[in-house]
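For reference, the structure discussed in these notes is given below.
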Amino acid sequence: MCGIVGIVGKSNVSGALYDALTVLQHRGQDSAGIVTCDGGLLHQHKANGLVRDVFRTRHMEELVGTMGIGHVRYPTAGSSSANLAQPFYVNTPYGISLAHNGNLTNSERLSEELYRSDLRHLNTDSDSEVLLNIFAHELQSLGKLTPDEHDMFAAVKAVHRRCLGGYAVCALIAEYGLLGFRDPLGIRPVVYGERDTPQGKEYMIASESAALSVLGFRLIRDLLPGEAIFIDSQGRVSTCQCAEKPRLVPCIFEHVYFARPDSIMDGVSVYKARLRQGERLAEKVKRLRPKHDIDVVIPIPDTSRVAAQAMAQSLGVKFREGLMKNRYIGRTFIMPGQKMRARSVRRKLNAIELEFRGKNVMLVDDSIVRGTTCGQIIEMAREAGAKKVFFASAAPPVRYPNVYGIDMPSAEELIAHNRTPDEIAELIGADWLVYQDIADLTASSSEGNPSIEEFEDSVFDGEYITGDVDQQYLDRIHELRNDANLSKHASTHENGDSSVM
């Protein structure tokens, strides 16, 4: 998962891009990058690390211009080379820089087409570079010396015809403007908004609405599935539906885990969706154990907190913060290698003994992926003196890998793959384990926007909405994402790139 942002302003935008990336930091902690446009000149800086570590005063002073895009990334398939930090750039046509969130499921075939038919060279194995070159080729094929919004939209239409998967994109076309577009199924999120300044209106495109509100932009709306928006250098806005058969099937895991609770996605408040997840999970507990002996509900910080609060209230038991988090440790399920993940859990969380000793504790997490984190936390709870340790997941069992931009492990490394809840409870050391039902999870989100008829939930049911994911593809995913391969790349780290393009 990654975060993207683009701004067309009336003064230098680098500071606003930096601030927006800090708001989106939860979407990617491996690398960060910004590209700005000053007249016809593009300025770039990107490197591995958190936003606050990648950019220094000297970098910000060099990133001049009234248009720009930014990106935060976490690594896929264990690769964290600075060469894969975004935005990516091609000089033909016009000079295009692009930031991408998501994953193309047919990138291997597209790479071959780019080489043999489009005569374009790829410098990495990133599907984001594939997408950039597909767009660049289609725009160049129009043969326009001075492109306008109709040319941008024509190129996006061609991208939609060729590319499969989930993708949200911000692209900066030197001198001309900022382009954003979303895949025809709306799997990956993207919104846009505006704010008033003494010099005139400024516009922002971003992965989440929280980035807009923090910077004082008014949310206008989400981009529709398949829709593109072009904001030229003068601030003129045009939108166009560029997909032949668009259909809204947003990723429900955004509501479970990735998105900030203060974001609104496709009309759904993430905060309220998580409240409803907790309430429905509590109802399931009441059905299965009407005489439950839960003394206290404790969330595993941070994304499960809202659901845990709602669950405790519905059950009529105490809610307590029993686990303190070290906020300088990254998310563990995306860390390369099992040993590194296991080691980081103890560094990340510490138990408050008085909230555990002598109590029957219900721990609540947003989901269970490998089971590494929850197993270690259950052990910590017992060491802190808990009598019984129950565990609740606000999401259903994660049984299948995600192929649309969330770098979950291969199926064989998912603890729920081919296992029952009782078997999983025994493996993680819980006295009892309860999962959210998929119908309840879907209802928790669709209640916020009844017009959404379907969600992308392949990690739970193995049904891949693009229809092109077969066992051969999943086997390749396994080879790329298994822990043996991730461990090989765990120490990879390169210096950043700061340049004028």
Side-chain angles (χ1 to χ4, degrees), residues 1 3 23-24 26-27 101 166 168 182 185-191 206-214 219 221-225 247-285 297 299-315 319 331 333 362 364-369 392-398 402 404-406 408 434-461 465:
M1 188 65 63
V23 178
L24 298 173
H26 62 286
R27 301 187 67 86
N101 171 36
R182 191 180 186 187
L185 294 170
I187 297 173
R188 299 269 67 90
V190 62
V191 298
S207 294
E208 296 188 32
S209 63
L212 275 67
S213 58
V214 168
L219 172 65
R221 61 178 176 86
D222 300 80
L223 284 187
L224 300 174
R247 185 159 59 100
L248 181 57
V249 191
C251 174
I252 203 165
F253 214 72
E254 292 275 0
H255 300 171
V256 171
Y257 179 75
F258 264 103
R260 284 175 53 128
D262 50 340
S263 285
I264 298 174
M265 293 180 162
D266 298 302
V268 179
S269 163
V270 176
Y271 175 77
K272 288 188 176 180
R274 290 178 184 168
L275 279 177
R276 291 188 286 265
Q277 290 167 19
E279 292 166 352
R280 291 176 181 273
L281 197 52
E283 291 304 313
K284 185 173 182 179
V285 170
V297 172
I300 297 175
D302 284 314
T303 45
S304 64
R305 181 172 289 114
V306 176
Q309 287 174 329
M311 184 182 186
Q313 184 174 9
S314 296
L315 290 174
F319 171 85
R331 291 183 168 187
F333 94 77
M362 172 63 83
V364 181
D365 207 352
D366 51 72
S367 58
I368 304 173
V369 183
S393 169
V398 177
N402 184 280
Y404 301 122
I406 303 175
M408 287 182 176
V434 59
Y435 279 103
Q436 186 87 266
D437 292 332
I438 193 164
D440 285 337
L441 177 65
T442 301
S444 297
S445 292
S446 60
E447 188 175 324
N449 183 359
S451 66
I452 301 177
E453 298 179 354
E454 187 177 3
F455 289 91
E456 200 295 302
D457 55 8
S458 55
V459 297
F460 307 125
D461 62 15
I465 194 70

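Computed from heavy atoms alone, side chains included, the values below leave out hydrogens, waters and symmetry copies.
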Compare every heavy atom of F319 with every heavy atom of A312, then report the nearest pair and how far apart it is. CB-CB, 3.7 Å
Nearest-0.5 Å distance, CG of residue D461 to OG of residue S458: 7.0 Å
Is E454 salt-bridged to R247, cutoff N-O under 4.0 Å? yes
Over all heavy atoms of both residues, which pair between E208 and F258 is shortest? Give the atoms and the distance, please. OE2-O, 4.0 Å
Where the side chain of S209 meets the backbone of I264, is there a donor-acceptor pair that is under 3.5 Å apart? yes
Side chain to side chain donor-acceptor pair (under 3.5 Å) partners of D302, counting only residues at least two apart: R305, K325, R327
Is the shortest side-chain heavy-atom distance between Y257 and I406 below 4.5 Å? no
Heavy-atom distance under 4.5 Å between the side chains of V23 and R260, does that happen here? yes
D440 vs E283, side chain to side chain contact (heavy atoms under 4.5 Å, CB included): CA-CA, chis, key distance, verdict: CA-CA 10 Å; D440 285 337; E283 291 304 313; over 6 Å; no
Quick check: does any side chain N or O of Q436 sit under 3.5 Å from a backbone N or O of Q277, one acting as donor and the other as acceptor? yes
How about CD on Q313, more than 12 heavy atoms from neighbouring residues, nucleotides or ligands closer than 6.0 Å, or not? no
Option from V256, I438, D437 for which side-chain contact (heavy atoms from CB on, under 4.5 Å) with P396 holds: I438
Report the distance from atom CG of L248 to atom CG of N449, rounding to the nearest 0.5 Å. 7.5 Å
Minimal heavy-atom distance between T442 and I252, with the atoms involved, is CA-CD1, 3.8 Å
Any side-chain heavy atom of R274 sitting closer than 4.5 Å to one from D366? no
Any donor and acceptor pair, going by atom type alone, linking the side chain of D262 with main-chain N or O of A210 inside 3.5 Å? no
Side-chain contact, heavy-atom cut-off 4.5 Å: M1 with E254? yes
For V364, does its backbone N or O pair with a side-chain atom of S304 as donor and acceptor, under 3.5 Å? yes
Which heavy atom of S393 sits nearest a heavy atom of I368, and at what distance? OG-N, 4.0 Å
State, with a plain yes or no, whether a side-chain heavy atom of R27 is found less than 4.5 Å away from one of S207. yes
dist L281:CG -> S444:OG (nearest 0.5 Å) comes out at 9.0 Å
Parallel, tilted or perpendicular for F455 and H255, by the 30°/60° rule? perpendicular
Measuring only between side-chain heavy atoms, which start at C-beta, is F460 closer than 4.5 Å to L441? yes
Polar side-chain atom of R188 near backbone of R182 as donor-acceptor pair, under 3.5 Å: no
Using modelled atom types only, decide if a donor and an acceptor are shared between the side chain of N402 and the backbone of G405 within a distance under 3.5 Å. yes
Would you say NZ of K284 has more than 12 non-hydrogen atoms from neighbouring residues, nucleotides or ligands within 6.0 angstrom? yes
Non-hydrogen side-chain atoms of I452 and S445 separated by less than 4.5 Å: no
Looking at A395 and Y435, what are the two nearest heavy atoms and their distance? O-CD2, 3.3 Å
Mind listing the closest non-hydrogen atom pair of V270 and A259 along with its distance? CG2-CB, 3.9 Å
Does the D266 side chain pair with the main chain of P250, one donor and one acceptor, at a distance under 3.5 Å? no
Side-chain heavy atoms of I187 within contact of C251, under 4.5 Å: yes
To the closest 0.5 Å, what do you measure between CG (D457) and CD1 (I465)? 8.5 Å
